[in-house]
Amino acid sequence: VKAPISVAALGASGGTVTVDCTAAFTAASNYVRKVQWESSGTVAISDDLTLREPVQAGAELFRFHTGSELPLGISGGETRWTVTWAGASMTLSSSLPIQVEQASLADSVTRSGRHQAIVIRAAGALRAVRLDAALTLEVGPGRWMADGTPRLGYDL
């Protein structure tokens, strides 16, 4: 799938990339994701999505995989939500009302073979939406693996 990546910055302290995801989703007429991260443990993800045809309430728009085997904490409503799990929290802000829920998905990484995903659905009919996600990871002793990758609430 054609998904051009534009790198604005990339270094030990963080980075900024933009991905044109339009060709990866047949329902999209335009879909651009921008990701900015810092070594302090913050990640900002902005999704601008325009669909070819409107979708109805309940249609899945986005999915974030958390890696957590334990249930997520979800609070909020309408256009602002917060999701928490061991070692991390994510604030979601949307241009239109959304529904946020969790789904247990199979994987080959966790001990249980399952992890929780954040599923974002349309709360009403829509054709275009912007979603801003602010992910904060706890940084400190015991929160990073030996290879420098974050430990997100489970042991590998």
Side-chain angles (χ1 to χ4, degrees), residues 1-25 27-51 55 59-105 107 109-110 115-124 126-145 147-154 156:
V1 173
K2 181 182 176 183
I5 299 172
S6 172
V7 178
L10 187 58
S13 64
T16 302
V17 298
T18 302
V19 183
D20 184 344
C21 304
T22 306
F25 297 94
S29 61
N30 186 58
Y31 179 18
V32 176
R33 171 173 277 182
K34 182 177 180 181
V35 181
Q36 296 178 282
W37 66 94
E38 297 176 6
S39 60
S40 65
T42 61
V43 181
I45 305 164
S46 297
D47 288 303
D48 284 302
L49 174 64
T50 303
L51 301 165
V55 295
E60 184 175 333
L61 301 170
F62 306 101
R63 183 182 293 186
F64 292 97
H65 297 268
T66 67
S68 176
E69 294 179 81
L70 301 174
L72 309 175
I74 300 175
S75 61
E78 296 290 319
T79 61
R80 188 155 173 89
W81 295 78
T82 300
V83 182
T84 58
W85 63 100
S89 67
M90 180 180 272
T91 302
L92 302 163
S93 300
S94 177
S95 61
L96 295 170
I98 54 174
Q99 298 170 338
V100 178
E101 58 192 50
Q102 61 187 304
S104 177
L105 302 178
D107 68 36
V109 178
T110 59
H115 73 276
Q116 297 298 317
I118 303 166
V119 178
I120 294 109
R121 298 182 184 281
L126 63 80
R127 186 164 183 188
V129 64
R130 178 179 172 105
L131 180 72
D132 292 307
L135 173 64
T136 303
L137 303 171
E138 290 180 25
V139 178
R143 290 291 177 198
W144 294 92
M145 304 293 287
D147 66 358
T149 58
R151 181 185 306 265
L152 300 177
Y154 61 91
L156 299 177

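Remember, predicted model here, so these are calculated numbers, not experimental data. One is the number of the first residue; the rest follow in order along the sequence.
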Distance (rounded to the nearest 0.5 Å) between Asp48 CG and Asp132 CG: 7.5 Å
All side chain to side chain donor-acceptor pair (under 3.5 Å) counterparts of Arg121, not counting sequence neighbours: Glu101
Glu60: side chain to side chain donor-acceptor pair (under 3.5 Å) partners, not counting sequence neighbours: Arg63
Residue pair Val100 / Thr82, side-chain heavy-atom distance below 4.5 Å: no
Smallest separation among heavy atoms of Ser39 and Ala12, with atom names: CB-O, 3.7 Å
Partners passing side chain to side chain donor-acceptor pair (under 3.5 Å) against Ser93 (at least two apart in sequence or in another chain): Arg80
Residues that Phe64 engages under ring pair (Phe, Tyr, Trp, His ring centres under 6.0 Å), provided they are two or more places apart: none
Of all pairs that satisfy salt bridge (charged side-chain N to carboxylate O under 4.0 Å, His left out), the ones with a partner from residues 32-41, not counting sequence neighbours: Arg33-Asp47
Side chains of Val55 and Leu61 in contact at under 4.5 Å (non-hydrogen atoms): yes
Heavy-atom side-chain contact between Ile74 and Trp85 under 4.5 Å: no
Leu131/Ile45 under side-chain contact (heavy atoms from CB on, under 4.5 Å): CA gap, chis, key distance, verdict: CA-CA 8 Å; Leu131 180 72; Ile45 305 164; over 6 Å; no
Approximate separation, where rounding is to 0.5 Å, of Leu72 CG and Ser89 OG: 12.0 Å
Check: Phe62 and Leu49 side chains under 4.5 Å, non-hydrogen atoms: yes
Check: Val17 and Trp37 side chains under 4.5 Å, non-hydrogen atoms: yes
Between OG1 on residue Thr79 and CG on residue Leu96, distance to nearest 0.5 Å: 9.0 Å
All side chain to side chain donor-acceptor pair (under 3.5 Å) counterparts of Asp20, not counting sequence neighbours: Thr22
Close side-chain approach of Val35 to Val19, heavy-atom, < 4.5 Å: no
Beyond-backbone contact of Leu105 with His115, side-chain heavy atoms, under 4.5 angstrom: yes
CD on Gln102 to CG on Leu70, rounded to 0.5 Å: 10.0 Å
Under 3.5 Å donor-acceptor, Thr66 side chain and Gln116 backbone: yes
Distance, nearest 0.5 Å, that separates CD of Gln99 from CH2 of Trp81: 7.5 Å
